[in-house]
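Note that the numbering runs from 1 along the sequence shown for the chain.
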Amino acid sequence: MNRIKLIAAFLFFAPFAFAQTAPPADLVTIEQNFKKLDILGSVLYVAAHPDDENTRLLAYLAQEKHYRTGYLSLTRGDGGQNLLGNEQGELLGLIRTQELLAARKVDGAEQFFSRANDFGFSKGPGETLRIWDKEKVLGDVVWVIRKFRPDVIICRFPTTGEGGHGHHTASAILAQEAFAAAADPTKFPEQLKYVQTWQAKRLLWNTFNFGTTNTTAPDQFKIDVGVYNPIIGEGYGEMAAESRSNHKTQGFGSARQRGQAFEYFKTILGEAPQNDLMDGVNTTWGRVNGGETIGKEIEKISKDFNIDHPEKSVPALVKLLDKKDSIANVPDAYWRMQKTKELNDLITACAGLWFEAYTTEPTYAVWDQMNIRSQVISRYGLNIFLNGLTVIQHPDNIGKTSDFIEPLAHYPLPGTHIEKAIPANELQTFNNDCQAGHISQPYWLESPHPIGTYNISNDGNVGNPENPGAPTVEFEFSIEGHVVVIDRKLVYKYVDPAKGEIYQPVEITPPVTANIAGKNYIFNSANPKNIEIKLKSFTKASGGISIKPIPGWKISSDKIDFNNKNKGDEWSVIFSVTPTNSMLKTSVFEAIVTANGKEFSMGIQHINYEHVPNIVLFPPSQANLIDLDLKIAGKKIGYIPGAGDLMQDALKQVGYDVHQLTENEILNGDLSGYDAIITGVRAYNVNPRLAIEQPKLLDYVKNGGNLVVQYNNNNGLATKQIGPYPFSVVNRRVTDEEAKITVLDPQNPVLNYPNKITQDDFNSWVQERGLYFVGDIDPNYKAPLQMNDPGEAPNNGALIVGNYGEGRFVYTSLAFFRQLPAGVPGAYRLFINLLSKPKNPQP
């Protein structure tokens, strides 16, 4: 192949990963794909979370060695923090899924997931595997291995605990067990209807040097992954930084690294490599019967490739599809499928054949007709015909089956299944309609789930980062007399006046959605509350909305009807709710929408950030009704936002007037009118201006105010003197949300005013007690609570309280930012106490 002397822009790295549906067809990509077509080897990397993966190694394996490379992240990172917004839990997992996919666009690897949920920090693998339901997640790892068929499996972490996090260690334990189980026909035999057993050659641990933990050694097998790729114009340390910087919610922007960089490996199972990662594995076409001839043909086509006329390679490439010694006749079904896909993409790139399919509107109600516009252009005028277009998608999800793999429906588009010649460099457009088949709910969120794993109705979906049945359009071409079939994801395309052409996922919705205005409704008396429900129609609809009967609660109306609503109409209804039974403390308020004779109970939620595609999900139309013995002192709260939380909404729900403070108000305003001022989670990590504002906040305390500071990470604090007296933020936490609480100072006002705190108030907490506790506590503070995880020493750093001048300073590492949005009654009562300073505080 003629070498490419100069590439002005490496188009493989688009600034927005979702800015196009057709794969890159530039000369860099073509040359890289020629090399990949000639390699038959695969590597699977396994770890626990998004951002655990070694992006430099993945980039090297995928782009330098041209192996099929995958990353199996057991979780979607649901339990992490969010530096960009207030999404937590499942919502954060959705964002981090897309961040991982954006990273893979850069480094060239593929992305997979198990059903495991990131339930927060875990101190050991025993707890992790118990909560995850080890056997289910092990089955998922086996399924991915059997489908992906890696020659080599690499773990990021060891089974011996040096990775720190229990999830990390558990990922290594599962990978080690799955290495053997994937090859055992008695393990998970239900999978063998769809895949075969698979034995990888070796399992390696990619040792590391993190901080003070160095697990590398000179005698370990090593690879220099810092090499420079002259075709791409980058080294793999540079590419890795771009890949890793996609983890924006975690603040993982990375500097580009250049030059020699070794990765070290320890063999866990299988034959140890001596000279090469793939020792003992034939990665040439010689690994499959009849492959030697194919390899020689690819070598010749690559050598003859003309960068000025890529189309001249097409006749030889298409012959690889169906001649006697062709890829189509390779007996190994796995490599036949993989290499056919790679060859099809290479053919269309060399042929200058561009095609896509998009909808004319961003949303469609299930069962409505989608308006689909398919476009094709053949830039070189080769002998190309469009034989047909077919929409492939899951059918509607009403009455879904529970098959291991849910079947897809094929809908040929009317009028397109004819041989139509594609003229040279003339854009051809085909307009068709097809029924929208399946609501765009992420498959792992289709039903409620326990803390450790997602409930997945079709186990065959496991591994997929996104919905496998999302609508795609299958294009069937005849190119130089050979049939080529390629799918394109169906998307919505529009033009933004500032950004230009934009692609976003098309959304298939219920006919009418119902969003309840709040997540939790707190009742501290027998007085009724009005609950507003916002409805939106995505089609022409008539019907009504009703509330599922709730024992112990009175609902003002049985049903509110609506008629002749059009697509895009929005309106609100209000139901008045009154508690009638004081014994029922928490109940679920559920709205049922009947639209055009069908019942739904779904809201709609969008998550929009510039660095990922738009995300849509359909949470249940539900809210919590909490009848709570809650007293409130004070009314006006000042809030200084941090890394993102939902505390302000939670406080407004119980009746507080919450105002978000600006820097000008802090530095130049009168703060004395606030009954309390709160800093959001990690405020001192993400807001460097707090170092300037801190003296004013302490003056507020000194003059009689009440400052409540929520947890901060011990790294990157804006100031080391957060409080009026010294203490240190340390990396200690209590991850057991049911850990016993010992009261050390029962008379402390924060445990008595205005609510008397008892052990019952620490029931039903979620995910964890607290994180980043404090140590080196000055004697001027009092620490009223003590707690610890099993097997650890008691820790009193979750909550400290100190009087300063006429006021009070509170620092709390308790995870209120998780508890209040989850509607935990006792957490509400305790946090209200932190905001409520008695007139005569305890000396």
Open item on the list: For D558, is the CG atom crowded, meaning more than 12 foreign heavy atoms sit under 6.0 Å from it?
Closed with: no
Task: Salt bridge flag under 4.0 Å for residues K559 and D561 - done: yes
- [ ] Give a yes or no on whether the backbone of K631 and the side-chain of N755 come within a donor-acceptor separation of less than 3.5 Å.
- [x] yes
Task: Student check: side-chain heavy atoms of V612 and E99 closer than 4.5 Å - done: yes
Task: Sub-4.5 Å side-chain heavy-atom contact between L625 and V588 - done: no
- [ ] Evaluate side-chain hydrogen bond (donor to acceptor under 3.5 Å, both in side chains) for T539 paired with D368, printing each intermediate quantity in order.
- [x] CA-CA 8 Å; T539 187; D368 276 1; 2.6 Å; yes
Open item on the list: I'd like to know if the side chain of Y454 reaches the main chain of S114, judged simply by a donor and an acceptor atom lying under 3.5 Å from each other, with no hydrogens or angles considered.
Closed with: no
Task: Any donor-acceptor N or O pair under 3.5 Å, side chains N796, Q786 - done: no
TODO: Verify, without hydrogens or angle tests, whether D118 (side chain) and G79 (backbone) share a donor-acceptor contact under 3.5 angstrom.
DONE: yes
- [ ] Quick one: sort the F119 and W132 rings into parallel, tilted or perpendicular, breaks at 30° and 60°.
- [x] perpendicular
Task: Pair T128-S122, side-chain donor/acceptor within less than 3.5 Å - done: yes
TODO: May I ask you to check if R76 and W444 form a cation-pi contact, with NZ or CZ under 6.0 angstrom from the six-membered ring centre and within 45° of the axis?
DONE: yes
Task: Residue pair E507 / I615, side-chain heavy-atom distance below 4.5 Å - done: no
Task: Within 45° cone of Y521 ring axis and under 6.0 Å: K529 NZ or CZ - done: no
Open item on the list: Does either side chain, that of Q250 or that of Q81, offer a donor lying less than 3.5 Å from an acceptor on the other one?
Closed with: no
Open item on the list: For a quick check under 3.5 Å, do Q98 and H611 share a side-chain donor-acceptor pair by atom type?
Closed with: no
Task: Exercise: do S572 and E532 side chains pair donor with acceptor under 3.5 Å - done: yes
- [ ] Tell me yes or no: between the side chains of E768 and T735, is some donor less than 3.5 Å from an acceptor?
- [x] no
TODO: Could you tell me whether the side chain of N703 and the main chain of Y700 form a donor-acceptor pair under 3.5 Å?
DONE: no
Task: Residues R829, D761: salt bridge by 4.0 Å N-O rule - done: yes
Task: Check: F817 ring centre within less than 6.0 Å of Y711 ring centre - done: yes
Open item on the list: I want to check something: taking the side chain as every heavy atom from C-beta on, are Y443 and I456 in contact at a cut-off of under 4.5 Å?
Closed with: yes
Task: Evaluation steps, side-chain contact (heavy atoms from CB on, under 4.5 Å), between F831 and L651 - done: CA-CA 10 Å; F831 197 76; L651 293 173; 4.0 Å; yes
TODO: Could you tell me whether the side chains of T662 and N664 share a donor-acceptor contact shorter than 3.5 Å?
DONE: no
Open item on the list: Looking at W571, I'd like to know if the NZ or CZ of K536 sits under 6.0 Å from its six-membered ring centre while staying within 45 degrees of the ring's axis.
Closed with: no
Open item on the list: Check whether W765 forms a cation-pi arrangement with R769 (NZ or CZ under 6.0 Å from the six-membered ring centre, at most 45° off the ring normal).
Closed with: yes
Open item on the list: Run I533 and F589 through side-chain contact (heavy atoms from CB on, under 4.5 Å) and show every step you take.
Closed with: CA-CA 11 Å; I533 304 177; F589 177 92; 4.0 Å; yes
Task: Ring-face cation contact, Y364 with K567, 6.0 Å cut, 45° max - done: yes
TODO: Measure the spacing between NZ of K248 and CG of N82 and express it to the nearest 0.5 Å.
DONE: 13.5 Å
- [ ] May I ask you to decide if V729's main-chain N or O and N712's side chain share a donor-acceptor pair within less than 3.5 Å?
- [x] no
Open item on the list: Donor-acceptor pair, distance only, cut-off 3.5 Å: does the side chain of D78 make one with the backbone of E90?
Closed with: no
TODO: Taking T75 for its side chain and N117 for its backbone only, find out whether a donor-acceptor pair lies under 3.5 Å.
DONE: no
Open item on the list: Under 3.5 Å, is there a donor on one side chain and an acceptor on the other for T679 and Q710?
Closed with: no
Open item on the list: Before you tell me yes or no, could you show the steps for K534 and E570 under side-chain contact (heavy atoms from CB on, under 4.5 Å), namely the whole-Å CA-CA distance, both residues' side-chain angles and the distance that decides it to 0.1 Å?
Closed with: CA-CA 7 Å; K534 299 177 180 180; E570 298 183 33; over 6 Å; no
Open item on the list: When you compare the side chains of N713 and N685, does any donor N or O come within less than 3.5 Å of an acceptor on the partner?
Closed with: no
Task: Under 3.5 Å side-chain donor-acceptor pair for N803 and Y781 - done: no
TODO: Would you check if I516 and I531 make a side-chain contact, meaning some heavy-atom pair closer than 4.5 Å?
DONE: yes
Task: Under 3.5 Å side-chain donor-acceptor pair for T453 and D133 - done: no
Task: Residue pair E466 / F113, side-chain heavy-atom distance below 4.5 Å - done: no
Task: Any donor-acceptor N or O pair under 3.5 Å, side chains Y674, E665 - done: no
Task: Residues D675, K636: salt bridge by 4.0 Å N-O rule - done: no
Task: Main-chain N/O of L751 paired to N748 side chain as donor or acceptor, under 3.5 Å - done: no
TODO: Kindly indicate whether the side chain of P784, heavy atoms from C-beta on, has any atom under 4.5 Å from the side chain of V750.
DONE: yes
Open item on the list: Can you confirm if the NZ or CZ of R733 lies within 45° of the ring axis of Y772 and under 6.0 Å from the centre of its six-membered ring?
Closed with: yes
TODO: Determine yes or no for a side-chain-to-main-chain donor-acceptor pair under 3.5 angstrom, with N706 supplying the side chain and L834 the backbone.
DONE: yes
Task: Ring center gap for F121 and H167 short of 6.0 angstrom - done: no
Open item on the list: Main chain of P50, side chain of R96: is a donor-acceptor contact present, judged purely on distance under 3.5 Å?
Closed with: yes
